[in-house]
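Data block below; observations after.
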Amino acid sequence: MALAWSRVVPRAAGAGSPLLLVSGAAAGLLTLLAVVGPWLTPYEADATDVLAASQGPGAQHWLGTDSLGRDILSRALAGARLSFAGPALVVLISAVLGTALALFSAWHGGWVDRACNRLLNVMFAVPGILVAVLSSAVFGAGFWAPVLALGLVYAPYMARVVRSVAVRERHRGYVESLQLAGMSPLRIGLRHLLPNVFPILLAQATYGFGTALADFAAVSFLGLGIQPPEAEWGVMVAEGRSELLDGAVQQSLVAGTLIVVTVVAFNVLGAQLAGGRR
């Protein structure tokens, strides 16, 4: 795996080192924020104070407060964990399903490969956000319904990029040698094909994380994902809508900015890593 990864990173870093470093640093800092954020909050994320409602940034509340007097900085830090956990699980589910389908298709080839490609083409036509919304409407709003729905919808995108590499690796001489040596297809796939497709899988997963975060936040914004009073960036944007007419833009602005910055950072990082394969 280390050898396969080394074929990607140097070319990606050499092709766009500043952009790769900036996007990587931003993605890393945001991920760290999601991990430690709940322990850095100056106030309890759901602690209300009606006397301090809708205040602008100040010494006590650096980013201001919402209509219930809750500290926006605290909610943004605490909400980072859920905002990242959902998309991370989406990417994990889609990566496992997509990689398994891609390796199966590439190994068998022929009509199996054609059937898998047709299945992927059908799934590409289904909008992920629509499936997530319908899933939440049917099974109930919350965390798991949109996660599972988006994980299934994102799987074809993982499968498409992994298959292109897996097909090439499948026809290399070392695979035939391993077969002649009596190694089983499953063992060849896990020990040899998977490490060689891992770099492009990681690049696609990084890119997909940003898109998944935007979709996950959109579902929460529509009221079909994470539910108030839980702190989550999509929820914060939705809660801030009622405050906009009163001139209190801080809640929607802070949460919306975090979503945009995260999506851009991971999308650019994923594109830079994928560029190493070209």
Side-chain angles (χ1 to χ4, degrees), residues 27 30-31 33-35 37-38 41 44-48 63 66-68 70-98 123 126-158 205-244 249-267:
L30 288 164
T31 303
L33 176 67
V35 174
T41 57
E44 291 292 332
D46 57 355
T48 61
L63 297 180
D66 64 10
S67 59
L68 297 177
R70 296 175 297 190
D71 183 65
I72 292 176
L73 175 60
S74 299
R75 289 185 62 76
L77 291 172
R81 178 168 294 180
L82 277 178
S83 299
F84 269 62
L89 287 172
V90 169
V91 169
L92 177 62
I93 293 170
S94 62
V96 171
L97 295 178
M123 296 183 70
V126 182
I129 186 67
L130 177 60
V131 175
V133 168
L134 291 176
S135 176
S136 298
V138 172
F139 297 106
F143 180 82
W144 285 107
V147 163
L148 295 175
L150 290 172
L152 291 174
V153 173
Y154 279 32
Y157 296 92
M158 295 291 185
T206 303
Y207 185 87
F209 180 88
T211 308
L213 188 142
D215 286 345
F216 189 76
V219 175
S220 295
F221 174 81
L222 295 174
L224 295 171
I226 303 298
Q227 298 295 296
E230 286 283 357
E232 190 268 341
W233 294 345
V235 171
M236 291 178 64
V237 174
E239 291 180 332
R241 287 181 302 172
S242 61
E243 305 169 15
L244 293 177
V249 301
Q250 54 268 24
Q251 181 171 200
S252 290
L253 181 62
V254 169
T257 300
L258 286 171
I259 293 172
V260 171
V261 170
T262 304
V263 171
V264 170
F266 278 92
N267 283 0

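- Judged by distance alone, the side chain of Ser220 and the main-chain N or O of Ile226 form a donor-acceptor pair under 3.5 Å.
- Ring geometry, Phe84 versus Trp233: the interplanar angle exceeds 60°, so the pair is classed perpendicular (tilted spans 30 to 60°).
- In this structure the side chain of Val131 never reaches within 4.5 angstrom of the side chain of Leu152, judged on heavy atoms.
- Exactly one of Arg70, Arg241, Glu243 qualifies for a side-chain hydrogen bond (donor to acceptor under 3.5 Å, both in side chains) with Gln251. That residue is Glu243.
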| message | Before you tell me yes or no, could you show the steps for Ile129 and Val219 under side-chain contact (heavy atoms from CB on, under 4.5 Å), namely the whole-Å CA-CA distance, both residues' side-chain angles and the distance that decides it to 0.1 Å? | response | CA-CA 7 Å; Ile129 186 67; Val219 175; 3.5 Å; yes
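- For Ser252 (side chain) and Val237 (main-chain N/O), a donor-acceptor pair under 3.5 Å exists by modelled atom type.
- Looking at every heavy atom in both residues, Ala88 comes nearest to Phe209 through N-CE1, 3.5 Å.
- Taking both residues in full, the closest heavy atoms of Ser136 and Pro146 are given as OG-CD, 3.5 Å, listed atom of the first, atom of the second, then distance.
- Judged by distance alone, the side chain of Thr257 and the main-chain N or O of Leu253 form a donor-acceptor pair under 3.5 Å.
- Leu77 has its side chain within reach of Leu33: a pair of non-hydrogen atoms, C-beta onward, lies under 4.5 Å apart.
- Side-chain contact check for Thr211 versus Tyr154: some heavy-atom pair is nearer than 4.5 Å.
- Contact check for Met158 versus Val91: side-chain heavy atoms found under the 4.5 Å cut-off.
- Of all heavy-atom pairs spanning Ala217 and Ile259, the tightest one is CB-CD1, 3.8 Å.
- For Thr262, there are no side-chain hydrogen bond (donor to acceptor under 3.5 Å, both in side chains) partners at least two apart in sequence or on another chain.
- Nearest approach of Leu63 to Ile72, heavy atoms of both residues: O-CD1, 3.7 Å.
- Between Phe216 and Phe143, the angle of the ring planes goes over 60°, which puts this pair in the perpendicular group of the 30/60° scheme.
- With Arg75 as the partner, the salt bridge (Lys or Arg N to Asp or Glu O under 4.0 Å) test is satisfied by one option alone out of Glu232, Glu44, Glu230, Glu239: Glu239.
- Here the options are Val254, Val261, Val260, the test is side chain to side chain contact (heavy atoms under 4.5 Å, CB included), and the partner is Leu258; only Val254 passes.
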